[in-house]
Amino acid sequence: MLGAKKRRRRRSELRLGTPAVNLETVSARPQISFGPVLQFWQKRGPKVIAIFLLAVITWTGYTLFSTPSFFVYGAQIKGNEALSDREIYLASQVDRQSIFWVNPEMVEAQIAALPNVKSVYVSVTLPRQVTIEVVERQPELLWQTGQKIWWIDKEGTVVPPKTEVEKMLKIIDDDMQPLEAGYKIDPTIIKGAQALRLLTPNVSIIRHTRAQGLVVSTPEGWPVFLGDGSEMRAKLVVLSALLPDLREEENPPLYIDLRNPLRPV
């Protein structure tokens, strides 16, 4: 048809003489499935978490127990006078231990074994602080057996002497019974001796035997048997009443027995 319009041919078609072909490439998209991962996690997940936590705990424990910052190389010691810091520290057995291994109750028991210690309290604080507070046994009088002198506290506990104590009341044991640290002496004897010293301040030495108990001497040198130390005031009142009459006697007494103040001999 004359009237029909002719399609204009592209320049490339005119140049090559053939129609140009459009090629379009389509890239393939891979499909990712999480199914195997979810199945693995459902089956193995708890075990993986447990292994991970175990590894973390092991590493943390190793770090804490091996780091020098958590090892004890000293302690703060309070309340001691007779005992040295070194004696208490050695008894504690905490030197070069990890702070996590220090058991306060066990340390207290080890320090309490020292005869001069009456009570002890131990506390620990991170990273490596150990505090030891002690209460020592205070000497109330001296107890002499032969050439050996001991401290005696108010409960009658025998304690090794640590320092020189001047003007302290002394009891000399004429029976010379052997003593050891921690041995207990009848507290009645201790209280009686203290009462005697209080009532007669000029008395500084008292003798003791198992048979007669506490023994003191009058200014004339007459021995006075006072027994276990009980009823000391009553015994001294009787003694004060007897001495004037005894001093007028031609024959001095060999002894004055006041173990029973109601029946003096």
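Not measured: the values here are computed from a predicted model. The figures that follow rest on heavy atoms only: side chains count, while hydrogens, waters and symmetry mates do not.
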Check: [X] side chain, [Y] main-chain N or O, donor-acceptor pair, under 3.5 Å:
X      : Y      : answer
Gln177 : Asp173 : no
Asp186 : Thr188 : yes
Arg128 : Tyr73  : no
Thr209 : Gln212 : yes

Which heavy atom in [X] sits nearest to a heavy atom in [Y], and how many Å separate them?
X      : Y      : answer
Pro264 : Leu258 : CB-CD2, 3.5 Å
Gln93  : Gln97  : O-NE2, 2.6 Å
Leu196 : Met232 : N-CG, 3.9 Å
Gly74  : Val130 : O-CB, 4.4 Å
Trp151 : Ala82  : CZ3-CB, 4.1 Å
Val124 : Pro104 : CG2-CG, 4.3 Å

[X] versus [Y]: any side-chain heavy-atom pair under 4.5 Å?
X      : Y      : answer
Pro223 : Ile256 : no
Asn80  : Ile132 : no
Thr131 : Val122 : no
Trp143 : Val158 : no
Leu141 : Ile190 : yes
Pro139 : Met168 : yes
Leu214 : Phe225 : no
Arg137 : Glu155 : yes

Q) When you check the gap from the basic side-chain N to the acidic O, do Glu81 and Lys162 get nearer than 4.0 Å? A)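 Salt bridge between Glu81 and Lys162, a charged N being under 4.0 Å from a carboxylate O: no.
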Residue [X] excluded, over 12 heavy atoms near [atom1] under 6.0 Å:
X      : atom1 : result
Met106 : CE    : no
Arg233 : CZ    : no
Tyr255 : OH    : no
Glu220 : CD    : yes
Leu254 : CG    : no
Tyr89  : OH    : yes

Q: Give the intermediate values and the outcome of side chain to side chain contact (heavy atoms under 4.5 Å, CB included) for residues Phe71 and Val94.
A: CA-CA 9 Å; Phe71 277 71; Val94 298; over 6 Å; no
ILVMFWY network linking [X] to [Y], side-chain heavy atoms under 4.5 angstrom:
X      : Y      : answer
Ile152 : Val159 : no
Leu169 : Val216 : yes
Tyr183 : Ile189 : yes
Trp222 : Leu226 : yes
Val120 : Leu114 : yes

Q: Could you go through the side chain to side chain contact (heavy atoms under 4.5 Å, CB included) check for Val224 and Leu239 one step at a time?
A: CA-CA 9 Å; Val224 181; Leu239 178 62; 4.1 Å; yes
Q | Ser230 and Lys235: CA distance, side-chain angles, deciding distance, side chain to side chain contact (heavy atoms under 4.5 Å, CB included) verdict | A | CA-CA 9 Å; Ser230 61; Lys235 293 173 183 178; 4.2 Å; yes
**Q.** Audit row: Glu136, Leu83, side chain to side chain contact (heavy atoms under 4.5 Å, CB included) steps and yes/no
**A.** CA-CA 8 Å; Glu136 295 179 327; Leu83 293 170; 3.4 Å; yes
Q. Where do Lys170 and Gln144 land on the side-chain hydrogen bond (donor to acceptor under 3.5 Å, both in side chains) test, with the steps shown first?
A. CA-CA 7 Å; Lys170 180 190 292 185; Gln144 181 173 341; 3.3 Å; yes
